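Heads up, the thing below is written out as structure tokens.
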Amino acid sequence: MVPDHFSISAIDGVALGASCWTVPGAVATVVLHPATAVTQGFYAPFAGYLAGLGFNVLTYDYRGTGRSRPRSLRGFQASMSDWIDRDVAAVMRWIEERFPGLPLLAVGHSVGGHAIGLSPHTASLAAAVLVASHAGASHGVRGRFERLRVRFVLRVLAPLLCALFGYMPGRRIGLGEDLPRGVMLQWAGWTALPRYFFDDPAVDAAGRMARVTTPLLVLGFSDDPWANPQAVDMLVSHLVNAPVHRHTVHPREAGVPAVGHMGFFRRRCEAGLWKEVGGWLLAQVQHQDEQQRAHHGGR
């Protein structure tokens, strides 16, 4: 199946590059919220897999990345809060208008899971999956060398390169996609706080996450040094009103040599992990349908 490619306009006029796999007779629609410095093309195999299960699937790039990148990032104004508050709102509105009446689901990778936890639009979801999503305080990174490397990149290298280039040149130094300066510096600032963005009063992350009541499947991986169980705990502990099903996966359990922070979306995880997520999403749609039938039958 070949997706359609188009742009969605955010409320402030920024164009977001998006792709949609539209399935005749779809049972629900799934939106994939990407991770930081990862573009939507990375998620295309998983999106195609979900489409094969009968879901419409939407992927997109946050402003300043991938197909949502302007001609020059130098001077481009954007923050991680813009991604969560403006870009997520835009794609959710587009889906609700394009597929009215269909159950709406979401899968968020890393910061994409933050978007699910923080966005008021999550109230319209039937269910959602958080993949390798955690509170990214740098003190929680597993392994002394990796912790020192992360701190050097985020606190020393990133501010220096952003000042020099006007944006974060991630491609030049092998750290994924380039990022707008404001995104990089806000992210780096949150990683230096003891409880990540929960310590930023401008975000009100704890209050917003406490309002989530959507059923959530939270997947972590035992070989992920960043989204390790303690870092996932710090995030999930604030979802106090949501039914949360946690699963920390060991690579051997998934039948693969490694998963880490990025591996879930690679095709080698189709047989083990994609099947679990696809089955869980289908079960949530079926459960919602049964609840609605019971509700209408009881009148």
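Note that the coordinates shown come from a computational prediction; the quantities given were computed from them, not determined experimentally.
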Worked check of side chain to side chain contact (heavy atoms under 4.5 Å, CB included) between Phe221 and Thr248:
CA-CA 5 Å; Phe221 308 99; Thr248 300; over 6 Å; no
Looking at CZ of Arg181 and CG of Leu161, how far apart are the two atoms once the value is rounded to the nearest 0.5 Å?
12.0 Å
Measure the shortest side-chain to side-chain distance between Arg86 and Asp12 over non-hydrogen atoms and say whether it is less than 4.5 angstrom.
yes
Can you tell me if Asn228 uses its side chain to pair, donor with acceptor, with the backbone of Gly140 under 3.5 Å?
yes
Is there side-chain contact between Tyr167 and Pro180, with heavy atoms separated by less than 4.5 Å?
no
So, using salt bridge (Lys or Arg N to Asp or Glu O under 4.0 Å) as the criterion, who are the partners of Arg195 when residues are at least two apart?
Asp199
Would a distance-only check, ignoring hydrogens and angles, find a side-chain to backbone donor-acceptor pair under 3.5 Å from Glu146 to Trp226?
no
Between Ser9 (side chain only) and Ala15 (backbone N and O only), is there a donor and an acceptor less than 3.5 Å apart?
no
Hydrophobic clustering (ILVMFWY, side-chain heavy atoms < 4.5 Å, transitive) - are Leu235 and Leu217 grouped together?
no
Charged N to carboxylate O below 4.0 Å: is that the case for Asp178 and Arg172?
no
Within the 4.5 Å heavy-atom criterion, are Arg208 and His238 side-chain neighbours or not?
no
Would you say the side-chain atoms of Thr29 and Arg98 include a donor-acceptor pair closer than 3.5 Å?
no
Exam field: side chain Ser68 to backbone Gly64, donor-acceptor pair closer than 3.5 Å
no
Which heavy atom of Leu154 sits nearest to which heavy atom of Pro159, and what is that distance?
O-CD, 3.4 Å
Heavy-atom side-chain contact between Asp61 and Leu16 under 4.5 Å:
no
If you apply the rule side chain to side chain contact (heavy atoms under 4.5 Å, CB included), what do you find for Leu125 with Leu105, and how did you get there?
CA-CA 5 Å; Leu125 297 176; Leu105 306 160; 5.6 Å; no
Same cluster or not: Leu102 versus Val57, using hydrophobic residues (I, L, V, M, F, W, Y) connected whenever any side-chain heavy atoms lie under 4.5 Å apart?
no
Considering non-hydrogen atoms only, spot the tightest contact between Val232 and Ser133 and give its length.
CG2-O, 3.6 Å
Side-chain heavy-atom pair Leu179, Thr65 within 4.5 angstrom cut-off
yes
Minimum heavy-atom separation for Met234 to Ala135, with atom names?
SD-CB, 3.4 Å
Looking at side-chain heavy atoms only, is the closest gap between Arg63 and Asp82 below 4.5 Å?
yes
Met80 versus Met184: any side-chain heavy-atom pair under 4.5 Å?
no
With a cut-off of 6.0 Å (strictly less than), are more than 12 heavy atoms of other residues, nucleotides or ligands near CD of Gln77?
no
More than 12 non-hydrogen atoms from neighbouring residues, nucleotides or ligands closer than 6.0 Å to CH2 on Trp94, yes or no?
yes
Check: His33/Tyr62 side-chain N/O donor and acceptor closer than 3.5 Å:
no
Testing the basics here: between Pro229 and Arg142, what is the closest heavy-atom pair and its distance to 0.1 Å?
CD-NH2, 3.3 Å
Which of parallel (below 30°), tilted (30 to 60°) and perpendicular (above 60°) describes Tyr49 and Trp274?
tilted
Which value, rounded to the nearest 0.5 Å, describes the distance between Leu50 atom CG and Leu281 atom CG?
6.5 Å
Which pair of heavy atoms, one from Ser119 and one from Val88, lies closest together, and at what distance?
OG-CG1, 3.7 Å
Distance-only donor-acceptor check, side chains Asp200 and Trp190, under 3.5 Å:
yes
Residues which pass salt bridge (Lys or Arg N to Asp or Glu O under 4.0 Å) with Glu270, listed by chain and number, not counting sequence neighbours
Arg267
I'd like to know whether Val31 forms a side chain to side chain contact (heavy atoms under 4.5 Å, CB included) with Tyr60, so could you lay out the CA-CA distance, the side-chain angles of the two residues, the decisive distance to 0.1 Å, and finally the verdict.
CA-CA 9 Å; Val31 57; Tyr60 68 101; 4.0 Å; yes
Is there a side-chain contact between His134 and Gln230, using heavy atoms and a 4.5 Å cut-off?
no
CE of Met92 to CD1 of Ile8: how many Å apart, nearest 0.5 Å?
11.5 Å
What about Met1 and Phe265, same hydrophobic cluster or not, with Ile/Leu/Val/Met/Phe/Trp/Tyr joined at side-chain heavy-atom distances under 4.5 Å?
yes
Strictly by modelled atom types, are Ser138 and Arg155 linked by a side-chain donor-acceptor pair under 3.5 Å?
yes
If you round to the nearest 0.5 Å, how far is CG of Asp85 from NE2 of His121?
9.5 Å
Qualifying residue, where the test is side chain to side chain contact (heavy atoms under 4.5 Å, CB included) with Met262 and the options are Val131, Asp224, Val38:
Val38
Taking Asn241 for the side chain and Ala210 for the main chain, is one N or O donor matched with an acceptor at less than 3.5 Å?
yes
Within this structure, what is the CZ-CG distance for the pair Arg252 and Asp223, rounded to the nearest 0.5 Å?
12.0 Å
Distance-minimising heavy-atom pair for Thr213 and Pro243:
O-CD, 3.3 Å
Val91 and Val111: same hydrophobic cluster, using ILVMFWY side-chain contacts below 4.5 Å?
yes
Are more than 12 heavy atoms from other residues, nucleotides or ligands located less than 6.0 Å from atom NE2 of His287?
no
Given the rule that I, L, V, M, F, W and Y join up when any side-chain heavy atoms are under 4.5 Å apart, are Val212 and Trp83 in one cluster?
yes
Residue pair Glu96, Arg93: steps toward the salt bridge (charged side-chain N to carboxylate O under 4.0 Å, His left out) verdict:
CA-CA 5 Å; Glu96 289 168 353; Arg93 279 195 297 268; over 6 Å; no
Less than 4.0 angstrom from a charged side-chain N to a carboxylate O is my criterion; do Glu290 and Arg293 meet it?
no
Please report whether the ring centroid of His114 lies less than 6.0 Å from that of Phe197.
yes
One should read off an interatomic distance between Ser79 OG and Gln186 CD, to the nearest 0.5 angstrom, of 4.5 Å
Arg67 side chain to Phe6 backbone, donor-acceptor under 3.5 Å
yes
Do other residues, nucleotides or ligands put more than 12 heavy atoms under 6.0 Å from the CD1 atom of Ile173?
yes
Side-chain donor-acceptor pair under 3.5 Å between Glu253 and His247, yes or no?
yes
Trace of the side chain to side chain contact (heavy atoms under 4.5 Å, CB included) decision for Leu216 with Ile116
CA-CA 10 Å; Leu216 301 173; Ile116 292 170; 4.2 Å; yes
side-chain hydrogen bond (donor to acceptor under 3.5 Å, both in side chains) between Thr39 and Arg69: does it pass, once the steps are laid out?
CA-CA 10 Å; Thr39 59; Arg69 175 177 176 149; over 6 Å; no
Compute the ring centroids of Tyr43 and His109, then answer whether they are less than 6.0 Å apart.
yes
